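Heads up, the thing below is written out as structure tokens.
These figures come from a predicted structure and were not determined experimentally.
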Amino acid sequence: MVTGAPGRLSCAARAHFDVLAGGFVRLAHVDALARADRVMELFRGALQDGVVTEEVIMALSNFNSVMKGDVIPYLPILCPPIVRSMLQLDDYHLCLTAIGAVGDLARSAEGALAPHADDMMAVLLALLADNMRDRRLKPAALSNIGDSAGALAHAFRRYLAPTLAVMQQAVAFLLH
């Protein structure tokens with residue numbers, strides 16, 4: 001992938017992702033299923049150099065919204081760049097977009113997200129627990145933990161204690 005400034009897509013690459021994301025959203029579900037493997041090949045190619053941009057996460061999110069429950073086979077491709085993007089706390093928009101993508105994945109993949117949830121939940125909980133992080137990210141992180149809890153159902157039990165601990169820490173921080 002050709003980039004301009006470090007971590008940014010070139011104008012041509014950005015246009016390619018905009019077309020890909022927008023075009024894919026307009027496809028009927030049946031047509032999207034037929035093209036899903038090819039779209040994932042394009043994403044894989046774009047992610048080979050490890051650079052993840054807001055545009056890529058938005059395109060992945062669009063892919064997810066079209067695929068709905070049929071996104072499950074692609075979770076091993078979708079989840080790692082989302083986690084890496086949530087860790088880019090110095091890029092507010094990328095991080096926020098990635099946090100939103102977690103909720104999107106949770107709603108469409110439901111319980112099938114469980115094998116991929118550990119890393120996502122660890123990042124979301126760490127973001128909430130860290131009082132030095134951008135406070136604007138915290139409502140989105142909290143909301144997406146709720147989406148994950150609803151989607152994972154009983155599988156969320158493993159995250160219940162750490163989630164409650166972070167909530168207690170937040171309340172204590174606000175009261176002092």
Side-chain angles (χ1 to χ4, degrees), residues 21 24-25 29 32-33 36-37 39-40 43-44 46-47 50 52-176:
F24 200 78
V25 169
H29 185 72
L33 285 173
D37 288 341
V39 170
M40 279 294 104
F43 284 131
R44 238 184 259 195
L47 296 169
V52 182
T53 63
E54 186 178 352
E55 292 85 1
V56 172
I57 296 300
M58 288 173 26
L60 289 172
S61 221
N62 286 338
F63 175 81
N64 176 56
S65 70
V66 171
M67 295 297 290
K68 299 184 177 32
D70 293 313
V71 75
I72 294 167
Y74 303 102
L75 290 175
I77 298 167
L78 295 170
C79 293
I82 290 171
V83 170
R84 284 195 313 270
S85 297
M86 286 193 299
L87 293 168
Q88 299 301 314
L89 297 171
D90 56 323
D91 186 339
Y92 169 77
H93 294 289
L94 174 61
C95 187
L96 184 64
T97 301
I99 290 169
V102 171
D104 296 341
L105 278 178
R107 287 185 294 278
S108 60
E110 295 181 340
L113 187 63
H116 309 280
D118 284 351
D119 290 338
M120 288 187 230
M121 290 301 299
V123 173
L124 290 171
L125 289 169
L127 192 146
L128 284 175
D130 188 344
N131 293 329
M132 301 305 290
R133 292 297 168 209
D134 191 328
R135 295 177 114 182
R136 297 175 299 167
L137 296 170
K138 294 180 185 250
L142 185 58
S143 174
N144 285 289
I145 287 172
D147 290 340
S148 298
L152 295 171
H154 295 295
F156 188 79
R157 284 185 195 163
R158 68 185 295 148
Y159 309 111
L160 191 55
T163 300
L164 292 175
V166 167
M167 295 296 119
Q168 288 174 328
Q169 178 187 357
V171 169
F173 180 75
L174 290 173
L175 293 176
H176 291 95

May I have the step-by-step check of side chain to side chain contact (heavy atoms under 4.5 Å, CB included) for I82 and V52, ending in yes or no? CA-CA 8 Å; I82 290 171; V52 182; over 6 Å; no

Provide the closest heavy-atom pair for [X] versus [Y] in the form atom of the first, atom of the second, distance.
X	Y	answer
L105	C79	CD1-SG, 4.0 Å
R107	D147	NH1-OD2, 2.5 Å
L75	A112	CD1-O, 3.6 Å
Y159	P162	O-CD, 3.3 Å
G111	P115	O-CD, 4.4 Å
D134	Y92	OD2-CD1, 3.6 Å

[X] side-chain N/O to [Y] backbone N/O, donor-acceptor pair under 3.5 Å:
X	Y	result
Q169	A129	yes
S85	P81	yes
K138	L128	yes
D104	S61	no
N144	A140	yes

Ring centroid separation F63 to Y74 under 6.0 Å: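 Between F63 and Y74, the centre distance is under 6.0 Å.
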
Between Q88, E55, M86, which is the residue that forms a side chain to side chain contact (heavy atoms under 4.5 Å, CB included) with L94?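 Among the candidates, only Q88 passes.
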
Going by the rule salt bridge (charged side-chain N to carboxylate O under 4.0 Å, His left out), which residues pair with R84 if we only count those two or more places apart in sequence or in a different chain?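 Result, salt bridge (charged side-chain N to carboxylate O under 4.0 Å, His left out) vs R84: none returned.
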
What do the steps show when you test L78 against M40 for side chain to side chain contact (heavy atoms under 4.5 Å, CB included), and what is the final call? CA-CA 9 Å; L78 295 170; M40 279 294 104; 3.8 Å; yes

